[in-house]
**Student:** 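Please see the structure below; I have some questions.
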Amino acid sequence: MDKERKLIIAGNWKMNKTVAEGIALVNGLKRELANIKEVDIVVCPPFTALCEVSKAIIDSNIRLGAQNMSESNFGAYTGEIAAGMLKEFLVRYVVLGHSERRQYQKESDELISKKAQAAHAASLKPIVCVGETLQEREANQMEKVLQTQVTGSLAGLSKAQMEETIVAYEPVWAIGTGKTASSAQAQEAHAFIRKLVAKLYDDTVARRVRIQYGGSVKPSNARELMSLPDVDGALVGGASLEDRSFADIIKNSI
Ligand code: PGA
């Protein structure tokens with residue numbers, strides 16, 4: 001598959017995997033994916049497994065991501081983890097504003113934009129998640145929700161930072177439900193987001209920014225989704241917890 005933008009496929013392990021399980025998973029991925037150069041491959045373990053997974057993937061084509069970080073650099077923020085601490089484990093990416101954090105931790109667009117700025121300041125590439133709920137889609141609010149989330153969560157980024165930001169379109173109704181957006185639905189939302197980036201920044205930034213699709217991506221639907229003109233990768237939850245299925249998603253995408 002020949003695309004202007006390099007595909008980026010990230011596995012979001014969420015609150016799963018002990019250290020030993022995480023190491024076993026990436027060892028499996030290393031075997032399956034050793035020769036893949038066409039895709040940026042990222043795994044996002046829980047914080048507790050970052051250190052050992054980082055060691056296990058050193059000298060491989062797999063890169064490390066975190067699932068969240070603080071908007072602050074250090075200080076009296078009990079339970080929080082700063083960008084600089086992630087860097088110690090050679091973390092390169094950080095998922096921000098996942099719908100689960102928007103829902104359960106009440107993360108706002110304003111907070112997510114502060115985190116995105118802090119990530120860039122530490123040379124981490126943020127994967128900023130946006131997406132509408134089923135209720136919002138049924139009320140014809142998809143574009144309005146995406147406009148608010150994209151504008152709010154990416155506020156304050158320079159053009160250069162925006163080009164290095166990954167946007168993940170994850171319709172909330174498709175996450176962990178087995179319901180995938182149709183090709184037409186995914187392409188429509190991705191094109192809308194890219195147009196918005198062009199409006200907020202410019203055409204060059206919009207052409208360069210990578211937009212991942214997330215929500216029940218699996219080996220059987222990866223090829224079709226990844227072939228869509230404005231889909232530049234995937235953020236994979238459930239199917240990233242097993243080496244064969246995550247590897248097959250990547251292999252089926254190229
Ligand atoms: P899922 O999760 O692949 O299990 O639907 C995607 C995500 O939440 O990033």
**Student:** Does the side chain of W173 pick up a donor-acceptor pair with the side chain of Q135 at under 3.5 Å?
**Tutor:** no
**Student:** Does a side-chain N-to-carboxylate-O contact under 4.0 Å join K159 and D202?
**Tutor:** yes
**Student:** Hey, quick one: are V53 and V42 part of the same hydrophobic cluster, counting side-chain heavy atoms closer than 4.5 Å, chains of contacts allowed?
**Tutor:** no
**Student:** Which pair of non-hydrogen atoms, one from V217 and one from A239, has the smallest distance, and what is that distance?
**Tutor:** O-CB, 3.4 Å
**Student:** Can you measure from CD (E132) to CD (Q141) and round to the nearest 0.5 angstrom?
**Tutor:** 10.5 Å
**Student:** Provide the closest heavy-atom pair for K17 versus P46 in the form atom of the first, atom of the second, distance.
**Tutor:** O-CG, 3.8 Å
**Student:** What are the two closest heavy atoms between S113 and A155, and how far apart are they?
**Tutor:** CB-O, 3.7 Å
**Student:** Whether K251 and E32 form a salt bridge (side-chain N of Lys/Arg under 4.0 Å from carboxylate O of Asp/Glu) is what I want to check.
**Tutor:** yes
**Student:** For R92, is the CZ atom crowded, meaning more than 12 foreign heavy atoms sit under 6.0 Å from it?
**Tutor:** no
**Student:** Does the side chain of D109 pick up a donor-acceptor pair with the side chain of Q149 at under 3.5 Å?
**Tutor:** no
**Student:** Check I58, L50, V94 against L64 for a side chain to side chain contact (heavy atoms under 4.5 Å, CB included) and give me the one that passes.
**Tutor:** L50
**Student:** Distance check, rounded to the nearest 0.5 Å: S216 atom OG versus I175 atom CD1?
**Tutor:** 8.5 Å
**Student:** Hey, what do you get for CG (L96) to CG (L111), rounding to the nearest 0.5 Å?
**Tutor:** 9.0 Å
**Student:** On a heavy-atom basis, which atom in G233 and which in L7 lie closest, and how many Å separate them?
**Tutor:** N-CD2, 3.6 Å
**Student:** Of all heavy-atom pairs between I9 and S253, which one has the smallest distance, and what is that distance?
**Tutor:** CD1-OG, 3.6 Å
**Student:** Are I8 and V91 connected in the hydrophobic side-chain network, where two residues link if heavy atoms are under 4.5 Å apart?
**Tutor:** no
**Student:** Indicate the atoms forming the closest heavy-atom contact of I57 with I62, along with that distance.
**Tutor:** CD1-O, 3.4 Å
**Student:** Nearest 0.5 Å, please: how far is CZ in F89 from SG in C51?
**Tutor:** 4.5 Å
